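Read the structure below first, then the notes.
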Amino acid sequence: MRPDAVNMLLAQQPCCLHITEDLCVSSVLSIPIAESSRDIARDLMQRFAATAVERDERGGTPKAERDALRESGLLALSIPREFGGGGADWRETLDIVRLLAQADSSIAHVFGFHHLMLATVRLFARPAQWQPWFEQTARHRWFWGNALNPLDDRTVASPHEAWREFTGQKSFCSGALDSEMLIASAREAGSGAFIVAAVPTGRTGIFVAPDWNNIGQRQTDSGSVTFEKVRVEHHEVLADPGPLSTPFACLRPLVSQLVLANIYLGIAEAAFNDARHYTLHESRPWHAARVPQMHDDPYVLGHYGDFWVGLESVRVLADRAADRLDAAWRRGPALTEAERGDVAVAVATAKVAATRSGLDICTRMFDVAGARATHGGLRLDRHWRNLRTQTLHDPVAYKLREIGEWALKQQYPAPTFYS
């Protein structure tokens with residue numbers, strides 16, 4: 001958002017988010033109809049953008065913004081209506097992730113991962129487990145955080161007769177701070193079996209550390225969680241059908257990948273909008289260009305042509321992948337490996353395109369915005385820092401290998417927590 005617009009918003013907006021009466025009645029298990037979710041998100045993105053620069057510098061937990069999401073009803077967006085939610089499909093839910101990312105990619109990250117955690121319990125658990133969790137999430141406006149890191153095996157689950165004990169640490173636990181529920185993973189002692197459970201964040205023995213201090217995504221609270229002899233009840237373990245056990249359960253990593261692709265796209269769109277403002281209103285043409293204004297420079301116009309082609313390509317790919325994910329989701333347990341594979345290829349393609357186009361725009365935006373855009377107070381470098389930080393957690397080279405195996409040998413990506 002432009003600095004002048006930010007200053008105007010700061011002057012005009014109240015100190016807390018105004019919530020209409022129908023959103024404040026906690027006894028009603030519903031959120032506004034799906035048609036209004038984009039309007040709610042647009043209102044929130046304006047308010048989040050007004051403080052995004054300051055919060056990027058400060059880091060830490062975006063408590064006020066997370067509470068605004070709670071009050072908005074959007075945390076129940078993807079929950080079916082019969083359980084008190086908004087009944088939105090993945091296309092609409094991901095559109096909201098993308099909109100929020102244009103204002104603040106950290107907020108979009110914790111919001112998108114919240115819905116990923118809800119998808120996790122839906123895909124890995126029995127209806128008797130996930131249905132009450134959905135209802136309580138909608139009723140009490142729970143935020144779900146992540147402590148499922150399949151590459152971090154430091155947490156061990158020790159079996160007991162009717163429960164397990166989790167002890168150890170997890171890293172990259174996005175959204176764990178200020179959450180009501182956690183999806184946590186551990187390796188079972190002896191067998192090494194991968195165990196996933198849904199547990200209250202406030203349970204005795206769970207310690208969420210405020211130790212996230214990276215160059216980007218600075219308010220995702222993606223630090224560490226420590227488990228010290230945490231009792232995990234049998235009914236909290238997601239074992240039927242369990243992690244990545246069926247083609248339908250294997251949609252979980254595709255939801256994750258597509259959440260990230262839409263965050264990347266939202267960051268790129270924000271960078272494009274900021275660059276465009278500076279080109280039109282702040283930049284001065286290079287003396288050799290011999291044009292009166294920066295926006296008449298043919299080289300600048302060429303940059304914007306590249307940017308637009310990249311953004312439009314990613315938009316089409318991301319929306320196509322979301323539509324395929326929705327079609328697969330509706331298939332439920334009847335989903336086949338081939339149908340799941342088609343979604344995996346579409347999602348991987350969108351994610352690679354979002355990564356490449358996003359990093360290109362976030363880097364080259366300064367070529368068209370000019371020297372004034374590097375002023376430290378604007379923190380326009382946050383777009384590149386946010387995108388670079390997030391994309392490093394899942395190397396694009398391995399996505400390209402998976403796409404190559406499909407393109408050349410018609411082999412679908414093997415389901416893992418990253419593909």
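Keep in mind that what you see is a predicted model, and the values were worked out from it rather than measured.
With sequence neighbours excluded, the residues satisfying ring pair (Phe, Tyr, Trp, His ring centres under 6.0 Å) with Trp130 are Phe83, Phe134. Qualifying salt bridge (charged side-chain N to carboxylate O under 4.0 Å, His left out) partners for Arg55, counting only residues two or more places apart in sequence or in other chains: Glu65, Asp104. By the side chain to side chain contact (heavy atoms under 4.5 Å, CB included) test, Ala334 pairs with Arg331, sequence neighbours left out. The salt bridge (charged side-chain N to carboxylate O under 4.0 Å, His left out) test applied to Asp240 returns no partner, not counting sequence neighbours. In terms of the ring pair (Phe, Tyr, Trp, His ring centres under 6.0 Å) criterion, residue partners of Trp329 (sequence neighbours excluded) are, by chain and number, Trp90, Phe248. For Ala271, the side chain to side chain contact (heavy atoms under 4.5 Å, CB included) partners two or more places apart in sequence, or in a different chain, are Ile361, Cys362, Met365, His383. Take Asp306 and apply the salt bridge (charged side-chain N to carboxylate O under 4.0 Å, His left out) test, not counting sequence neighbours, and it matches Arg364. Residues passing the side chain to side chain contact (heavy atoms under 4.5 Å, CB included) test with Asp89, sequence neighbours excluded: Arg91, Glu92, Asp326. The ring pair (Phe, Tyr, Trp, His ring centres under 6.0 Å) test applied to Phe143 returns His114, not counting sequence neighbours. The side chain to side chain contact (heavy atoms under 4.5 Å, CB included) search around Ser185 returns Leu148, Lys170, Phe194, Val196, not counting sequence neighbours.
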Assess whether salt bridge (charged side-chain N to carboxylate O under 4.0 Å, His left out) is satisfied between Arg70 and Glu180, documenting all intermediate values. CA-CA 11 Å; Arg70 287 183 171 98; Glu180 282 75 34; 3.1 Å; yes
Using the salt bridge (charged side-chain N to carboxylate O under 4.0 Å, His left out) rule, take Arg58 and Glu54 through it: C-alpha gap first, then chi angles, then the decisive distance, then the call. CA-CA 6 Å; Arg58 171 163 44 92; Glu54 181 271 329; 2.7 Å; yes
Assess the residue pair Arg320 and Asp323 against the criterion (salt bridge (charged side-chain N to carboxylate O under 4.0 Å, His left out)); give the C-alpha distance rounded to whole Å, side-chain angles, the decisive distance to 0.1 Å, and a yes or no. CA-CA 5 Å; Arg320 184 188 68 169; Asp323 288 340; over 6 Å; no
May I have the step-by-step check of side-chain hydrogen bond (donor to acceptor under 3.5 Å, both in side chains) for Ser174 and Asn146, ending in yes or no? CA-CA 5 Å; Ser174 297; Asn146 178 52; 5.3 Å; no
Show your reasoning for whether side chain to side chain contact (heavy atoms under 4.5 Å, CB included) applies to Leu94 and Val259. CA-CA 6 Å; Leu94 293 166; Val259 165; 3.8 Å; yes
Starting from the C-alpha separation in whole Å, work towards a yes-or-no answer on side chain to side chain contact (heavy atoms under 4.5 Å, CB included) for Gln293 and Leu280. CA-CA 8 Å; Gln293 295 175 311; Leu280 292 174; over 6 Å; no
Take Arg38 and Asp95, measure what salt bridge (charged side-chain N to carboxylate O under 4.0 Å, His left out) needs, and give me the verdict at the end. CA-CA 8 Å; Arg38 290 179 180 84; Asp95 281 349; 3.1 Å; yes
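Within a 6.0 Å sphere centred on NE2 of His393, heavy atoms belonging to other residues, nucleotides or ligands number more than 12. With a 6.0 Å radius and a threshold of 12 heavy atoms from other residues, nucleotides or ligands, Glu312 has its CD atom above the threshold.
Panel note: side chain Gln129, backbone Val237; a donor-acceptor pair is recorded below 3.5 Å. In this structure a side-chain-to-backbone donor-acceptor pair under 3.5 Å is missing from Ser222 to Phe172. The main-chain N or O of Tyr278 is found under 3.5 Å from a side-chain atom of Ser283 such that the two form a donor-acceptor pair.
For the pair Arg122 and Trp144, the cation-pi test (distance below 6.0 Å, angle within 45°) is failed.
Residues Val232 and Ala197 come closest through the heavy atom pair CG1-CB, 3.7 Å. Nearest heavy atoms, Ala198 versus Val121: CB-CG1, 4.2 Å. Here the shortest heavy-atom pairing between Ala138 and Gly85 reads CB-N, 4.3 Å. Listed here is the closest heavy atom pair of Gly358 and Ala268: CA-CB, 3.8 Å. Shortest non-hydrogen contact noted between Ser72 and Leu74 is OG-N, 3.1 Å. Listed here is the closest heavy atom pair of Leu118 and Ser78: CD1-OG, 4.1 Å.
Ring to ring, Phe272 and Tyr304 are close: their centroids are under 6.0 angstrom apart. Checked against the 6.0 Å centroid threshold, His303 and Tyr299 do not count as a close aromatic pair.
Side-chain contact between Tyr418 and Pro150 is present, with heavy atoms from C-beta onward closer than 4.5 Å. You'll find the side chain of Asp342 reaches within 4.5 Å of the side chain of Tyr412, heavy atoms only. In this structure, His109 and Gln219 have side chains that are not in contact, with every pair of non-hydrogen atoms separated by 4.5 Å or more. Side chains of Val347 and Pro253 form no contact here, defined as non-hydrogen atoms less than 4.5 Å apart.
Taking OG1 of Thr226 as the reference point, atom CZ of Phe207 lies at 8.0 Å (rounded to 0.5 Å). Glu236 contributes atom CD, which lies 11.0 Å from atom CG of Leu182 (distance to the nearest 0.5 angstrom).
For Asp360 and Arg356, the salt-bridge test fails: no basic side-chain N is under 4.0 Å from an acidic carboxylate O. Between Asp67 and Lys63 there is a salt bridge, since a side-chain N of the basic residue sits under 4.0 Å from a carboxylate O of the acidic one.
When only modelled atom types and interatomic distance are considered, Thr336 and Glu339 share a side-chain donor-acceptor pair under 3.5 Å. With no hydrogens or angles considered, a side-chain donor-acceptor pair links Ser179 and Thr201 at under 3.5 Å. Counting only N and O atoms by type, the side chains of Asn213 and Arg218 include a donor and acceptor under 3.5 Å apart. In this structure, a donor-acceptor pair under 3.5 Å is present between the side chains of Asp211 and Ser224. Remark: the Gln217 side chain and the Ser105 side chain contain an N/O donor-acceptor pair separated by less than 3.5 Å. Checking Asp152 against Ser171 by side-chain atom types alone, a donor-acceptor pair falls below 3.5 Å.
Each of Val97, Leu387, Leu258 was scored for a side-chain contact (heavy atoms from CB on, under 4.5 Å) with Ile263, with one residue passing: Val97.
Sorted by first and then second residue, the salt bridge (charged side-chain N to carboxylate O under 4.0 Å, His left out) pairs with a member in residues 385-395 read Asp56-Arg385, Lys351-Asp394, Asp381-Arg385, Asp394-Lys399; sequence neighbours excluded. Within the structure, the ring pair (Phe, Tyr, Trp, His ring centres under 6.0 Å) test picks out no pair touching residues 341-361 (sequence neighbours left out).
Between His277 and His281, the ring planes lie tilted relative to each other; the angle falls in the 30° to 60° range.
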